[in-house]
Amino acid sequence: MSETKMVSLDEMDEQLIQKAEAEGVETMWDRKKAMKAPCGFGEKGVCCRICAMGPCRVSPVEGKGAQRGICGATADTIVARNLARMIAAGTSAHSDHARDIAHVMHMASRDGNYTIKDERKLLSLAEEWEVNTEGRDIYDVAHEVAEIALNEFGKPFGTLKFLERAPEPRKKIWRELDIEPRAIDREIATIMHSTHMGCTSDAESLLKIGMRTALADGWGGSMIGTVFSDILFGTPVPRETEANLGVLEEKQVNIILHGHEPSLSEMIVMAAQDPQIIKLAEEVGAEGINLAGMCCTGNEVTMRHGVKIAGNFFQQELAVLTGVIEAVIVDVQCIFPSLTPITDCYHTKFITTSPKAKITGATHIEFNEEKALESAKSIVREAIENFKNRKKEKVFIPQTKNQATLGYSVEAIIKQLDRVVNSNIDPQGTVKPLADVIKAGVLRGAAGIVGCNNPKVKHDYSHIEIMKKLIANDVIVVTTGCAAQAAAKAGLTSKDAAKLAGKGLQAVCELVDIPPVLHMGSCVDISRILTLVGETAKHMGVDNCDLPVVGVAPEWMSEKAVAIANYVIASGIDVFLGVEPPVMGSAAVVDMLTNKLEEMTGAKFFIDTDPHKLSAMMLDRIEEKRAKLEARL
Ligand code: SF4
Ligand code: WCC
Ligand code: FE2
């Protein structure tokens, strides 16, 4: 297949797609082809189906065709309303995940399945939230802290507690714009109300409540998700692993862990280490149990246990095509319903576990947190028993994988930075070394590259092109989600990749012993990036928007990504999108996003589907911010 025709950056993925064709199995690329041209109105965001007088599709061109819906809503209103609803949906996904983790902490006990792994983090959060810890059992403290977190979702008064963590000038901007989120659920409900037929029609107001809700994700749900997962399952430290479909093992029981919440996957990891379960695998003729992760569940378990990464979002079907997967175990988010028909073509069991994500045709084994380990064991047993059904003639494991070093929580990064601190002069445990190399220009800046895969882009191509370009120009990259998995597969999260970096970044990588692209975890762990940027800004006595830092979503697709983009902007960090958002039908909204937002938040959107142009824009913007910062400091 010629390079230009390839739908994936990865040769081996192409071979699997050909295998699918040969075996008559349908994949997402067949469905993409069958979809033909997308609806132009939907693509531009000018279709409204909020009430039953419609659907109304108004013209994206001013002065031509229908200019208003039946109620009188303009393209500006419809576009902004649709965008706000995407933010609400994205925020609900991250935050509902966080709520479950907080519930798990509320049920944690010394002799139960869920215990406290990072007491220090719990105690410092207790102090931050003014919970008494003196002479108390750590589990009592955990339960009280969990209860406070659970109240963050619906408290009647006040604003979110984690907002306090932001730099002072940022908090002032939020206050003045009136976008400090109150309770998380309340912000989501407010958007659903304000975008109901006959409520807000003013586009700017919709963007503002959109940002407020998005902030309830970044500094609310996502941050709770990260912090509470660290307390329960351990704060990640650097570790080695491997990534890509080549991690699958022909002679072992292969289980794909796909979805998002670590409360399930942590238990599966424990179950797969149980001697009796391992014995069972040997009894069916397997040499062991091979867990391999996908999407954010993959990120959670690789960050904390080094579980190998099978791949990212677009490899969920491809993994099944290898013919060696005994079970795909999923919980919530980013799961293709097509896993039912595709697993039907092989021996693979498709097991759903969450009442929030039941999928037609899948085997549903509900995960019960009260009996977490038992539930996990019965799920793993299902996979083991399926080993005998594997069809040898259908087996093909692509022999590609790369080494990855990952596990870079903020704490882990600071620990690496301590290597260059002269403790006679400076205290350890701060971001000072990072601030220093940025100020000195050894690093020109930093980029957070995050998000999904999207068939509008060759699989992983934009992620990798942009990452390579940035590191070659001495911009350090931090990454999460499927972007992080793309980096790991391409070898960019290995320390060896420092050779692709510019001289400054190369020197930093050597001195502090890190790769040029730092895998910081799952999508909710973008809150780690917010924390790192915020701490650096505080250290330098500036706001986030003064730093030469950019946020990038080269291949985004989900509503969660829309929420993320908006909280990143509201946090003062520019966002570069490689896929057009459905807003192009309103010139006014586009102008607000790519221009006027800067006056309000100090950050704005840049949109270009060409990754090379997009990275050039990032480098320009980084230099622009540097020049302003240098003049100030
Ligand atoms: Fe049409 Fe207005 Fe109803 Fe939307 S809310 S479907 S624009 S009448
Ligand atoms: Ni987060 Fe995007 Fe992956 Fe899903 S797992 S596909 S939202 S980046
Ligand atoms: Fe995710």
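Note that ligands are numbered from 1 as they come in the structure, with each ligand's atoms numbered from 1 the same way.
Ring geometry for Trp29 against Phe314 counts as perpendicular: the plane angle is over 60°, on a 0 to 90° scale with 30° as the lower cut.
When only modelled atom types and interatomic distance are considered, Glu317 and Ser338 share a side-chain donor-acceptor pair under 3.5 Å. Side-chain contact, Glu369 with His103: no donor N or O sits under 3.5 Å from an acceptor N or O. Ser586 and Asp76 form a side-chain donor-acceptor contact under 3.5 Å, judged by distance and modelled atom types alone. Side-chain contact, His260 with Lys560: a donor N or O sits under 3.5 Å from an acceptor N or O. In the model, Lys489 has a side-chain atom that pairs as donor or acceptor with a side-chain atom of Asn312 under 3.5 Å. Defined by atom type and a distance below 3.5 Å, a donor-acceptor pair is present between the side-chain atoms of Asp217 and Ser222. A donor and an acceptor atom, one from each side chain of Ser571 and Trp219, are located under 3.5 Å apart. For Asp525 and Thr226, the side-chain atoms include at least one donor-acceptor pair closer than 3.5 Å.
Residue contact annotation: Cys334 places an N/O/S atom under 2.8 Å from atom 4 (Fe) of ligand 2.
Using a 4.0 Å cutoff on heavy atoms, Met557 counts as a contact of ligand 2. Between Arg81 and ligand 1 there is a heavy-atom distance shorter than 4.0 Å. Judged by the shortest distance from any of its heavy atoms, Ala561 lies outside the 4.0 Å radius around the atoms of ligand 2.
Residue contact check: Gly451 has heavy atoms under 4.0 Å from atoms 8 (S) of ligand 2. Numbered from 1 in the order shown, with element, the atoms of ligand 1 that lie under 4.0 Å from a heavy atom of Met53 read 8 (S). Interface atoms of ligand 1 facing Gly54, defined by a heavy-atom separation under 4.0 Å, are 6 (S). Per-residue contacts place Ser558 under 4.0 angstrom from the following atoms of ligand 2 (heavy atoms of the residue considered): 7 (S). Residue-ligand proximity, Cys523 to ligand 2, at heavy-atom distances under 4.0 Å covers atoms 1 (Ni), 5 (S), 8 (S). Counting atoms of ligand 2 from 1 in the listed order, those under 4.0 Å from a heavy atom of Lys560 are 4 (Fe), 7 (S). In summary, the atoms of ligand 1 found under 4.0 Å from a heavy atom of Met197, numbered by their order in the structure, are 5 (S). For ligand 2, the atoms closer than 4.0 angstrom to any heavy atom of Phe313 are 6 (S). Atoms of ligand 2 found under 4.0 Å from any heavy atom of Cys296, numbered from 1 in the order shown, are 1 (Ni), 5 (S).
Of the heavy atoms in Cys452, both backbone and side-chain atoms come closer than 4.0 Å to ligand 2. Residue contacts with ligand 2 for His260 involve side-chain atoms from C-beta outward but no N, CA, C or O (heavy atoms, distance under 4.0 Å). Contact annotation: for Cys482 versus ligand 2, heavy atoms closer than 4.0 Å belong to both the backbone and the side chain. Under 4.0 Å from ligand 1, not a single heavy atom of Arg68 appears.
The one candidate from Thr405, Thr241, Thr302, Asn299 that meets the side-chain hydrogen bond (donor to acceptor under 3.5 Å, both in side chains) condition with His519 is Asn299.
We find that Glu411 and Lys121 are joined by a salt bridge, their nearest charged nitrogen and carboxylate oxygen being less than 4.0 Å apart.
Aromatic pair Phe313/Phe336: ring centres closer than 6.0 Å.
Geometrically, Arg99 engages Phe153 in a cation-pi contact, judged by NZ or CZ lying under 6.0 Å from the ring centre and within 45° of the ring axis.
Summary of contacts: the protein heavy atom closest to atom 3 (Fe) of ligand 1 is Cys51 SG, 2.3 Å. From the protein, the heavy atom lying nearest to atom 8 (S) of ligand 1 is Cys71 N, 3.4 Å. For atom 6 (S) of ligand 1, the closest heavy atom belonging to the protein is Cys48 O, 3.4 Å. Among all protein heavy atoms, the one lying closest to atom 1 (Fe) of ligand 1 is Cys56 SG, 2.3 Å.
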